[in-house]
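What you are looking at is a predicted structure, and each value in this text was computed from that prediction instead of being measured.
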Amino acid sequence: MQAKNLLNTGVIEDLPEDDLNPQQRDAVNCKSRIIYVNAGPGTGKTHLLTSKLVEYIQASNTPQKIVALSYTNTAANHIGEKFKEKADKAGMAKEYTFYYGTLHSFCYSLLRAYNKGLEDEQIDTILDDEELFDLAEEICIQSNKKYPTKIIESALKSRLNADDDLDQLVAEYKKKYRVISIHDILSDFISKLYEDVQFQHWIKEQITAIAVDEAQDLSEENYIILDKLLTLMPKVKLFLVGDPRQNIFEFNGGSYRNLEGFLSQHQQYSTKYLTLTYRCGQAIVDYVNGFSFTDCDNTQLQSRCKDAGHITIKRCSSEETEAIAVCEELQNLELNDTAVLCNNLKYMNSLMVKLQAFKIPYKVLGGRRILKQHIKLLKHVLRIIESENEYSIRKVGEAAKLQINQQQTPRKTAKEQFYESAIGMKILAIREDYFRLEQTTHQVLQNVIEQVMSRQPEGSSIDDDYKKILDLSYHYESLSDFLLSFATDKESFAEFFQKDYVECTVPVDDTYLTISTIHSAKGLEWKNVFIMGLSEGNFPNGYFCQGKPKEVQDEYYNGELKKMYVAATRAKEQLFLTYATSLTRKGYTFSKRPSRFISNLESRPQA
């Protein structure tokens, strides 16, 4: 198995007994084949998980093939870094291999590694959601609008059904352009696991233990894969770490119910609990311990922090005065250890305007969806170099205004026509050098920027983007890994997406405030955290379940409470909860009461 996150040998030393607290030590020492750890925020999940990986290596007399998976690339990279720190310590030498990443990237890497051993190797390109919509529009037009674009887009994302006319049409286009969606990765992997006997035998040699972080956010497909791997490999061990109270990605199919369903099918498992939080002060712990969820227990946290923590509620007359109140408070805080969170970025537009008036620099997490045009073209060029992808050849041809016959006449294919153009010859030469000279990802990217992309003035925004992406490319051993991350890891590539929020005009250096959605803040922590917009009707917003059955409403408010739990537990010492008593929407002003999530707190100082 080849991947950028694969480490081929390691040196592991025995951990001292005091390196883990009693709860963590109990989980690490557990010998059950399947272990589920219910780990609250700040209880040392990463430390526990990486310690367990070390234990798997120490306890075995044969080389271990360890896989560590998380919901996001950022979390997976953090696990990889922490494991390397432990593995680099001198001591007892044990041979092992180690892969870390998301489940999507892991499955894609395995499929590629397996296909490389086949004569009819086929490398498909992963299209992101924006590209899938473009392709759906093309199919819509060429099919004489037989199907709406949105319906086609949905079919492009989902697993194909060969008996359906639309799915057959979509399958033809995917085959024509050799493209897949991110959603196809898991479907294709599941098909291999269940239907390809040769693949089943091959994969048995690839894994000895799997550790999964954020287990509460895995989809049903994710657990189908884990279940089948356990069936195919009776000796493989599974270590699941999660927190049902932090299950906030149900819109992506991730649900605590999936975890419960999986565990119910595997009766021989052990459950452990981590309740000692080293992040949140006692005041914050007392607050979130009072939450009551409808689908899971709220296992009580116990603070192990020296600082007792403090919660402040700021009641303001409007969104504007709320933004001013936050800015005034920020002037007394260390910006680099402070974040402002909200249920959606749009609500914080007023804050971003006021921050600039107060000369407070900030950076934003989340909220970017559309790739910048020059970066999109650069990605297409890299795809051509990596796999001669037909879809990218057409896109680069369109950008260069080439007259390429898409019907691929008997005389010359679209690819042959493209390589005869000026830009095509440049890309072909770079591609040949890449494989012939075994160039690094950084080298090939540098060649593309210098020889193919339009020259930009020094210091321009596009030139700055090229420098940033060149720096990022050092982290990837192969172009395949780079493109895979580009498709699956928006966090690492966030700088290259167009901003759909008020951009900061104050010079931003190493000192800045973090502004984030709650979803993007998950897994992070700050000394000081503001949660804005805590008015009933904004967070939570009952409009989204209005008129629906009570069980649907209960499920919605339970999900919003989990988001509040995640947001509040990002704070280590100070938690500021702010809300406006009136909101203006479309020219109308509405009176608002405090959110149900803070109405039980007594102190409500005026701002």
Side-chain angles (χ1 to χ4, degrees), residues 245-248 250-251 283-284 286-296 298 310-326 329 339-352 354 366-367 515-522 529-571 574-607:
R245 298 160 297 185
Q246 298 188 68
N247 174 206
I248 63 171
E250 287 199 284
F251 61 89
I284 299 164
D286 289 342
Y287 171 53
V288 297
N289 277 346
F291 290 8
S292 179
F293 303 101
T294 60
D295 63 340
C296 65
N298 185 4
H310 185 72
I311 299 178
T312 301
I313 296 180
K314 289 186 173 290
R315 182 174 64 203
C316 309
S317 59
S318 66
E319 290 172 87
E320 183 178 13
T321 57
E322 183 184 8
I324 292 172
V326 171
E329 194 70 52
V340 181
L341 312 182
C342 194
N343 207 14
N344 63 80
L345 283 182
K346 188 178 292 186
Y347 187 89
M348 289 198 280
N349 280 341
S350 294
L351 173 67
M352 295 182 206
K354 295 300 179 184
I515 294 178
S516 178
T517 60
I518 295 172
H519 287 99
S520 295
K522 191 168 183 291
V529 170
F530 291 78
I531 305 176
M532 292 185 66
L534 284 166
S535 300
E536 190 73 12
N538 185 65
F539 183 24
N541 187 347
Y543 172 81
F544 294 109
C545 62
Q546 189 175 10
K548 295 184 179 179
K550 183 178 183 302
E551 59 269 21
V552 175
Q553 295 188 34
D554 289 345
E555 185 174 355
Y556 168 76
Y557 287 115
N558 187 65
E560 294 298 284
L561 182 60
K562 287 186 175 184
K563 280 195 276 185
M564 187 64 193
Y565 186 92
V566 169
T569 54
R570 299 312 93 197
Q574 295 198 79
L575 179 61
F576 298 86
L577 307 174
T578 73
Y579 70 99
T581 57
S582 66
L583 299 180
T584 301
R585 297 290 182 267
K586 297 181 179 180
Y588 296 93
T589 299
F590 304 90
S591 296
K592 293 294 179 182
R593 65 181 187 273
S595 167
R596 65 186 65 192
F597 301 150
I598 62 172
S599 59
N600 63 327
L601 294 174
E602 296 179 358
S603 175
R604 298 193 184 113
Q606 296 285 336

Notebook entry, point to check: Within a strict 4.5 Å, meaning less than it, do heavy atoms of the Glu551 and Thr294 side chains meet?
Noted result: no

Item checked: Ser535 side-chain N/O to Tyr579 backbone N/O, donor-acceptor pair under 3.5 Å -> no

Next item on the list: Please round to the nearest 0.5 Å and tell me the distance separating atom CG of Asn558 and atom NZ of Lys563.
Entry: 12.0 Å

Check: Where do Ser292 and Leu561 come nearest, in terms of heavy atoms and distance?
Finding: O-CD2, 3.4 Å

Checklist line | Candidate pair Thr589 and Thr584, rule side chain to side chain donor-acceptor pair (under 3.5 Å), full reasoning | finding: CA-CA 4 Å; Thr589 299; Thr584 301; 3.1 Å; yes

Margin query: Using the rule given for side chain to side chain donor-acceptor pair (under 3.5 Å), can you reason through Ser516 versus Ser520, listing the C-alpha separation, both sets of side-chain angles and the distance that settles it, and then say yes or no?
Written below: CA-CA 6 Å; Ser516 178; Ser520 295; 4.6 Å; no

Next item on the list: Specify the closest pair of heavy atoms between Cys342 and Met348, including all atoms of both residues, with the distance to one decimal.
Entry: CB-CE, 3.4 Å

Checklist line | Rounded distance [0.5 Å steps], CG in Leu575 versus CZ in Phe530 | finding: 9.5 Å

Check: What orientation do Phe590 and Tyr588 show, parallel under 30°, tilted 30 to 60°, or perpendicular over 60°?
Finding: tilted

Notebook entry, point to check: Is a donor on one side and an acceptor on the other found under 3.5 Å between the side chain of Asn343 and the backbone of Phe539?
Noted result: no

Notebook entry, point to check: Just how far is it from atom CG of Asn541 to atom CD of Gln546, taken to the nearest 0.5 Å?
Noted result: 9.0 Å

Check: Using the ring of each side chain (for Trp, its six-membered ring), is Tyr556 parallel, tilted or perpendicular to Phe544, with breaks at 30° and 60°?
Finding: tilted

Next item on the list: For residues Ile284 and Ile311, report the shortest heavy-atom separation together with the two atoms involved.
Entry: CA-CD1, 4.2 Å

Item checked: salt bridge (Lys or Arg N to Asp or Glu O under 4.0 Å) between Lys592 and Glu536, intermediate numbers included -> CA-CA 6 Å; Lys592 293 294 179 182; Glu536 190 73 12; over 6 Å; no

Check: What's the spacing between Arg245 CZ and Phe291 CZ if we round to 0.5 Å?
Finding: 11.0 Å

Item checked: Residues Lys314, Glu322: salt bridge by 4.0 Å N-O rule -> no

Check: Can you name the nearest heavy-atom pair linking Pro540 to Ser595, along with the distance?
Finding: CD-OG, 3.4 Å

Checklist line | Electrostatic pair Lys562-Asp295, nearest N-O below 4.0 angstrom | finding: yes

Notebook entry, point to check: Testing Leu351, Ile531, Val529 for side-chain contact (heavy atoms from CB on, under 4.5 Å) with Val340, which one passes?
Noted result: Leu351

Item checked: Shortest non-hydrogen contact between Leu341 and Ala521, atoms and distance -> CD2-CB, 3.8 Å

Notebook entry, point to check: OG1 of Thr517 to NZ of Lys346: how many Å apart, nearest 0.5 Å?
Noted result: 14.5 Å

Next item on the list: Test the Arg596-Tyr557 pair against the cation-pi criterion, namely NZ or CZ under 6.0 angstrom from the six-membered ring centroid and within 45° of the ring axis.
Entry: yes

Check: Do you know which two heavy atoms are closest between Tyr347 and Glu319, and how far apart they sit?
Finding: CE1-OE1, 3.4 Å

Check: Given Tyr565, which of Ile248, Asn247, Asn298 fulfils the side-chain contact (heavy atoms from CB on, under 4.5 Å) condition?
Finding: Asn298

